[in-house]
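Below: the structure, in structure tokens.
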Amino acid sequence: MTPDPSDSRYSRHIRIPEIGLQGQRLISESRIAVVGAGGLGSPVLMYLAAAGVGTIGIIDSDRVDRTNLQRQIIFDESTIGMSKAQYAAQRVHELNSDCDVRVFDVYLTSDNALGILSDFDIVIDATDNFATRYLINDSCVLLGIPYVWGSILRFDGQISVFADVNGPCYRCLFPHPPAPGSVPSCADAGVIGSVCGVIGSLQATAALMLAMNKSTPLVGAIGVFNAVDMSLQHVPVQRNPACPMCGTDPVITGLMDYALWCSASDLSIPLRELEQLLQERENKQSHFALVDIRERAEVDAGTIPGSLHLPMSELAAQERSQLVDHVTSVCGTGDIIFYCRSGDRSAVLLRALTESGMSGIRHYPGGYSEWSGTRR
């Protein structure tokens, strides 16, 4: 059943001249997916239901834990151990039985993300890990739908709208994930529970504005909230023309293993450091092998000067027990830096080699895409 936009429960919306009956009708026809039913997802889901959003998707595979109750206000003590997605759907339905609630009691992955999210017009990212954030970003760019991102830690919160036709995507701001352990989680560093309510409410509001085709300053800006001084500042951000996902010449055309890609970030090397190392190598102050693992057709179109070529297809044909010996036979036994087009293949190779006991290896996740983009 679709919510009736003329229902008296929406009268406070309809009385706003900028919304009116037509705006409420757009809300009732909207389809919004919420990834994560925790601290951010709790207020998001309740306000979307109260607003009369026609279809609400809830994607979360977690179970309620006692430590959740300090901020995840959609749950109570009686729900400990229950499915978050299932119980959140029950609460949404109790608040507004006209909403079509779709439950996905699964973990969002590269295998199911496009199939799930393609049924929605807007996605709200209420997650707390980098792998899922990149997965949501890339899925939304590929599907051509905007998503509302939120992040919280201690006294602070951030919010923005990514993958909108007029703005940047998440990768434009954060091309590579941080090194594992470099950014503390809420479980480690803590968070004021009410900050989740602030950012979650802002996310719900931004999604409703998008549903009504209203402009929002969060496209092309990050809203930064500080609970200590109660400030909310907008920091302008721009689309990166060289972004491998949404740039003028995108090179990421599908989804990848994001957990694997993020786990390799502690062995990654940024562009400036690579440039410095190459200069030192030219001056005989450093010794390492820079190895391009792209295929021959890609290398023929351009490569980073001073690279060795060892195609990934050749490496993939090796038995795991022979992989390290094959790499050292071609690249030597010294330090090695691998790169591909945009970091996904080099991250996979890095993981395989480190699991095989090889050391002294890193990868350049920006790949030839970033390298060539900075030299145009």
Side-chain angles (χ1 to χ4, degrees), residues 30-45 48 53 55-65 68 72 74-75 82-89 92 100-152 159-164 169-171 174 176-178 180 183 185-187 196 199-200 203-204 206-207 210 245-246 252-265 344 347-348:
S30 65
R31 300 171 300 167
I32 302 178
V34 182
V35 187
L40 294 174
S42 290
V44 164
L45 288 167
L48 294 184
V53 169
T55 303
I56 299 175
I58 306 175
I59 307 159
D60 197 317
S61 64
D62 203 3
R63 298 295 181 267
V64 181
D65 182 85
N68 300 152
Q72 301 181 19
I74 204 169
F75 309 115
M82 296 177 62
S83 161
K84 286 186 178 180
Q86 295 287 352
Y87 184 75
V92 166
D100 177 14
V101 186
R102 302 183 184 179
V103 178
F104 302 90
D105 192 355
V106 296
Y107 190 76
L108 198 69
T109 69
S110 299
D111 294 327
N112 62 25
L114 294 178
I116 292 175
L117 300 182
S118 62
D119 287 334
F120 297 91
D121 309 311
I122 300 166
V123 177
I124 297 180
D125 178 1
T127 63
D128 60 359
N129 69 87
F130 290 100
T132 307
R133 289 171 185 167
Y134 282 101
L135 169 60
I136 294 172
N137 176 81
D138 294 359
S139 299
C140 287
V141 172
L142 293 173
L143 293 170
I145 55 179
Y147 81 97
V148 184
W149 165 77
S151 176
I152 47 159
I159 178 174
S160 188
V161 174
F162 293 123
D164 184 87
C169 77
Y170 185 79
R171 283 183 183 268
F174 309 106
H176 315 298
V183 178
S185 66
C186 290
C196 303
I199 300 302
Q203 286 184 285
L210 291 171
M245 192 73 232
C246 74
I252 299 178
T253 57
L255 303 180
M256 63 178 74
D257 186 332
Y258 292 88
L260 181 63
W261 184 62
C262 289
S263 69
S265 61
D344 52 336
V348 171

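Here, residue 1 is the first one in the sequence, and each next residue gets the next number. It should be emphasised that the depicted structure is a prediction, and the values quoted were computed from it without experimental measurement.
Here OH of Tyr258 is found 10.5 Å from OG1 of Thr132. Values are rounded to the nearest 0.5 Å. Taken to the nearest 0.5 Å, the CG atom of Leu108 stands 6.0 Å off from the CD1 atom of Ile136. Atom NZ of Lys84 is separated from atom CD1 of Ile59 by 14.5 Å, given to the nearest 0.5 angstrom. The line from CD1 of Ile32 to CD1 of Ile58 is 12.0 Å long, rounded to the nearest 0.5 Å. In this structure, CH2 on Trp149 lies 9.0 Å from CD1 on Ile199, to the nearest 0.5 angstrom. Between the OH atom in Tyr134 and the OG atom in Ser139 there is a gap of 14.5 Å [rounded to 0.5 Å].
Between Asp164 and Leu210 there is a side-chain heavy-atom pair separated by less than 4.5 Å. Residues Val123 and Leu143 form no side-chain contact, since every pair of their non-hydrogen atoms from C-beta on lies 4.5 Å or further apart. Side-chain contact check for Thr55 versus Asp121: every heavy-atom pair is 4.5 Å or farther apart.
Of all heavy-atom pairs between Leu40 and Cys196, the closest is CD2-O, 3.7 Å. What you find for Phe104 and Gly57 is that their closest heavy atoms are CE1-CA, 4.5 Å. Between Val103 and Ala89 the shortest heavy-atom distance is CG2-CB, 3.3 Å. Of all heavy-atom pairs spanning Gly36 and Ala126, the tightest one is O-CB, 3.6 Å. Nearest heavy atom pair, residue Leu117 against residue Ala33, reads CD2-CB, 4.2 Å. Smallest separation of non-hydrogen atoms from Asn137 and Cys169: OD1-CB, 3.1 Å.
Residues that satisfy the side-chain hydrogen bond (donor to acceptor under 3.5 Å, both in side chains) test with Arg171, not counting sequence neighbours, are Asp138. Listed by chain and residue number, Tyr170 satisfy the ring pair (Phe, Tyr, Trp, His ring centres under 6.0 Å) test with Phe174 (two or more places apart in sequence, or in another chain).
Listed for the Asn112 side chain is a donor-acceptor partner under 3.5 Å among the backbone atoms of Tyr107. Remark: side-chain polar atoms of Gln203 are paired, donor with acceptor, to backbone N or O of Asp125 under 3.5 angstrom. Checked by atom type and distance alone, the side chain of Ser42 never pairs as donor or acceptor with a backbone atom of Gly39 at under 3.5 Å.
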Applying side chain to side chain contact (heavy atoms under 4.5 Å, CB included), run through Leu142 and Leu255 and close with a yes or a no.
-> CA-CA 9 Å; Leu142 293 173; Leu255 303 180; 3.8 Å; yes
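Salt-bridge annotation for Asp105 and Arg63: present, with a side-chain N of the basic residue lying under 4.0 Å from a carboxylate O of the acidic one.
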